[in-house]
Amino acid sequence: GDSVTQMEGPVTLSEEAFLTINCTYTATGYPSLFWYVQYPGEGLQLLLKATKADDKGSNKGFEATYRKETTSFHLEKGSVQVSDSAVYFCALRETGGFKTIFGAGTRLFVKA
Amino acid sequence: DAMVIQNPRYQVTQFGKPVTLSCSQTLNHNVMYWYQQKSSQAPKLLFHYYDKDFNNEADTPDNFQSRRPNTSFCFLDIRSPGLGDAAMYLCATSRPGKEREGREQFFGPGTRLTVL
């Protein structure tokens, strides 16, 4: 079945550091790919998405590119802020279905 | 603003005492989901509705039931909560849409359930 694997956390960075969170997937067909973010005590929020190969999703300085050849969707941000501290989930929407498959989540701590 | 609302945000119940969590949406989405999430782990899908069609995950315990009386509302009933059912319960919605649109999910803020 479809699956998502993302790097284990926690990831601890200093403010203004560069962020990469790796995500790879296994899927049949052409799934849509997502990054969701969850702040403490809250539900998940969509951060960005990409629906086909080579698409780049971007939002709030975060970016991720849908790489079909490497089945990857790595999240990057050039300069993180303390307010970016949260748990980040990579996810895919199964082709033709209604389910979303989530990775295990990566907790990010950003120090001032 | 269109949104997904969950009530209550915090729910305390006693071991074995039935509890109902509620979710409402103003997005008019066809699909509604219930997830269980423990300690910032990945959300675990319990079931989903496409309109009135109910879809149960194979590993969802029988202790969990759901009702969707109309498009806007969906309820999660836990018939006899055990200590292991203490978790955050997340409601989400999506619309069928087209593949190229991505069809992301919209989540509520969650209800944190404590079982004493």
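Residue numbers start from 1 in every chain, and the chains themselves are labelled A, B, ... in the order their sequence lines are given, proteins ahead of strands. In this text, all values refer to a predicted model and were calculated from it rather than measured experimentally.
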Is there a chain of hydrophobic side chains (I, L, V, M, F, W, Y, each step under 4.5 Å between heavy atoms) that links [X] to [Y]?
X	Y	answer
Y25(A)	I101(A)	yes
L90(B)	L113(B)	no
F73(A)	V37(A)	yes

[atom2] on [Y] to [atom1] on [X], rounded to 0.5 Å:
X	Y	atom1	atom2	answer
T51(A)	E104(B)	OG1	CD	10.5 Å
L46(A)	F107(B)	CG	CZ	9.5 Å
N30(B)	F98(A)	CG	CZ	8.0 Å

Take a 6.0 Å sphere around [atom1] of [X] and say whether it holds more than 12 heavy atoms from other residues, nucleotides or ligands.
X	atom1	value
E57(B)	CD	yes
N70(B)	CG	yes
Y10(B)	OH	no
Q14(B)	CD	no
K111(A)	NZ	no

Residue part contacting chain A, namely of [X], when any heavy atom lies under 4.5 Å:
X	answer
R112(B)	neither
Q6(B)	neither
Y50(B)	side chain

Between R93(A) and R103(B) (side chain of the first, backbone of the second, donor and acceptor by atom type, cut-off under 3.5 Å), is there such a pair?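 Looks like yes, one N/O pair under 3.5 Å.
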Where the side chain of Y36(A) meets the backbone of Q105(B), is there a donor-acceptor pair that is under 3.5 Å apart?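 Looks like yes, one N/O pair under 3.5 Å.
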So which part of L44(A) gets closer than 4.5 Å to some heavy atom of chain B, the side chain, the backbone, both or neither?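 Both the backbone and the side chain of L44(A) come within 4.5 Å of chain B.
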Partner chain B: residue of K52(A), K99(A), Q45(A) with the largest heavy-atom pair count (under 4.5 Å): K99(A)
Chain B: which of V87(A), V4(A), T100(A) shares the most heavy-atom pairs with it under 4.5 Å? T100(A)
Tell me the closest heavy-atom pair linking G103(A) and A42(B), and the distance in Å. O-CB, 3.1 Å
